[in-house]
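One structure is given here, and the rest of the page talks about it.
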2 protein chains.
Amino acid sequence: MSENEPKFRREPAQQRKEALIEATLTLIAEQGIRGATVREIAKRAEVTQGLIRHYFSSKEELISAAYEYHMKVMTQLTEGTDLQANTSGKTRLVRFVESGLTPPVVDPRAVSLWAGFLNKVRADAQMFEIHEQTYHDFRGRLEALIGEALNEANILITPPRLRSLAIACNAVMDGLWMEGGALPDAFEPEELPRIGLESISAIIGLELTQTTEGQS
Amino acid sequence: MSENEPKFRREPAQQRKEALIEATLTLIAEQGIRGATVREIAKRAEVTQGLIRHYFSSKEELISAAYEYHMKVMTQLTEGTDLQANTSGKTRLVRFVESGLTPPVVDPRAVSLWAGFLNKVRADAQMFEIHEQTYHDFRGRLEALIGEALNEANILITPPRLRSLAIACNAVMDGLWMEGGALPDAFEPEELPRIGLESISAIIGLELTQTTEGQS
DNA sequence: TCAATATTTATACAAACGTATAACTATTAG
DNA sequence: CTAATAGTTATACGTTTGTATAAATATTGA
């Protein structure tokens with residue numbers, strides 16, 4: 001009669017936290033922060049709602065933790081591609097653009113998350129700091145790569161002009177990323193990186209679409 | 001003793017509806033759709049909550065009406081600039097880009113609204129249709145202007161290539177619009193249209209920054 | 001094997017939510 | 001001036017929300 005099946009399993013703290021955060025992010029992407037209720041989060045993570053309060057002292061704290069986690073993952077996604085150092089700046093720029101305009105960076109969920117967090121990021125000082133740092137870091141890396149690529153080609157450029165080019169290229173990438181994520185069926189798979197590279201080539205005045213170096 | 005001050009005023013139906021919709025949009029921009037509660041909407045519109053149900057049979061209907069209203073306003077904002085017909089395509093393209101990259105189109109509230117509506121637009125078929133139509137309309141207009149400007153300069157271009165250029169220019173505008181709205185203090189007032197025109201000039205291969213025609 | 005402990009479940013509560021309906025009153029038509 | 005109408009307020013109801021606390025149980029160390 002009495003089956004001694006355990007009624008629940010205890011998981012390592014970090015693993016549970018991550019599961020709760022993942023469920024939170026999915027729900028925020030689907031229904032916004034207010035739509036990510038503690039009960040629904042618990043259901044998705046397959047625990048009861050009381051457990052959330054055991055790991056996070058409030059919903060506010062869970063949301064902040066989820067944001068931090070997400071931004072870290074996104075940063076790693078755009079960093080990870082390039083490990084071998086002796087590739088040219090031009091090639092690294094090409095790869096940076098390509099990886100930023102293909103999955104998993106281009107992804108409906110990522111765009112939805114950006115939208116879902118926007119207001120909260122504006123209101124919360126700590127989250128705003130994380131956002132600004134990530135944004136400037138991304139643009140700074142793009143600016144450095146453009147500078148190196150132009151330098152290799154012996155194209156001279158002033159710092160303010162380089163800043164403008166970086167803002168413009170960043171805007172192209174942001175725009176394509178947003179549209180690719182918001183309208184996933186409106187573009188062919190290779191269309192986004194192709195248009196991105198063509199546009200950035202034109203903007204910085206250096207052809208990027210015919211790479212002679214080996215493609216990883 | 002008994003002052004015969006009227007306890008409320010009756011307003012024309014359309015005026016009340018618009019006030020309710022405006023309050024709704026402001027709240028959606030601030031806190032998302034779920035944050036736009038009927039009670040808070042009523043408070044902002046300075047009426048009691050019961051009145052909302054007199055004009056809209058449900059919150060769902062109010063949200064849809066607010067979206068339709070907002071998209072109409074945004075469309076008019078990007079249409080309105082150009083009335084005199086005998087200006088060149090190049091000039092009209094310049095004005096189109098400039099007006100799309102300055103207030104009131106570039107505006108934190110507009111970006112927040114875009115973010116706030118994103119999920120709902122994906123889920124609701126009717127709202128999705130409105131969104132797609134507006135988006136394609138905008139890009140179509142941009143594509144036509146680019147085509148005319150290039151044609152005037154005797155630059156030949158194939159239709160698929162024109163499509164790519166339009167997607168790219170649209171992405172530049174979207175990206176700058178988004179960044180200008182999300183980080184209002186990160187750019188100088190003239191920086192966005194300047195960078196936009198420079199980038200689009202480079203992308204389509206036609207200089208737009210030195211206009212010889214009169215500027216409105 | 002058994003007590004100690006931290007994880008997990010279970011239950012409860014006040015506040016806020018969308019909705020429904022009744023009561024009031026400014027406005028209009030005759 | 002009066003009655004009818006529709007805009008508006010007022011109140012209420014069942015659910016869902018975030019939070020709080022008690023109870024149960026899986027796991028660990030001695």
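Here is the naming used below: chain letters follow the sequence lines, and residue numbers restart at 1 for every chain.
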inquiry  = Does the Lys NZ or Arg CZ of B:Lys17 fall within the cation-pi geometry relative to B:Phe56 - under 6.0 Å from the ring centre and within 45° of the axis?
reply    = yes
ask   = Is there side-chain contact between A:Glu98 and A:Leu197, with at least one heavy-atom pair below 4.5 Å?
value = yes
task = Figure out the CZ/C1' separation between B:Arg53 and D:dG7, and round it to whole Å.
result = 15 Å
Spacing between B:Glu60 atom CD and C:dC17 atom C1', to the nearest angstrom = 15 Å
ask   = So does A:Arg16 get a side-chain nitrogen or oxygen closer than 4.0 Å to the phosphate oxygens (OP1/OP2) of C:dT8?
value = yes
inquiry  = Rounding to an integer number of Å, can you tell me how far B:Gln15 CD sits from D:dG7 C1'?
reply    = 14 Å
task = Return the value, rounded to whole Å, for the distance between atom CZ of B:Phe56 and atom P of C:dG18.
result = 15 Å
remark   = Between CD of B:Glu11 and C1' of D:dT8 the distance, given in whole Å, is 11 Å
query = Under 4.0 Å between a side-chain N or O of B:Thr37 and OP1 or OP2 of C:dC17?
reply = yes
inquiry  = Are there over 12 heavy-atom neighbours, none belonging to B:Gln133, within less than 6.0 Å of that residue's CD?
reply    = no
message = Within this structure, what is the CG-CD1 distance for the pair B:Leu162 and B:Ile204, rounded to the nearest 0.5 Å?
response = 9.5 Å
request  = Please state whether the phosphate of C:dT8, meaning OP1 or OP2, lies under 4.0 angstrom from any side-chain nitrogen or oxygen of A:His54.
outcome  = no
Modelled atom types, side-chain donor and acceptor of A:Arg44 and A:Thr26, under 3.5 Å = no
request  = Kindly say if B:Arg9 contacts the phosphate of D:dG7, meaning a side-chain N or O under 4.0 Å from OP1 or OP2.
outcome  = no
inquiry  = From CZ of B:Phe8 over to P of C:dC24, roughly how many Å is that when rounded to an integer?
reply    = 12 Å
ask   = OP1, OP2 of C:dT8 versus side-chain N and O of A:Tyr55: anything below 4.0 Å?
value = yes
query = Phosphate oxygens OP1/OP2 of C:dA16: is one of them under 4.0 Å from a side-chain N or O of B:Arg39?
reply = no
task = Figure out the CG/P separation between A:Leu20 and D:dG18, and round it to whole Å.
result = 14 Å
inquiry  = On DNA chain C, does the nearest nucleotide to B:Lys7 precede the nearest nucleotide to B:Gln49 from the 5' side, or the other way round? Give the residue.
reply    = B:Gln49
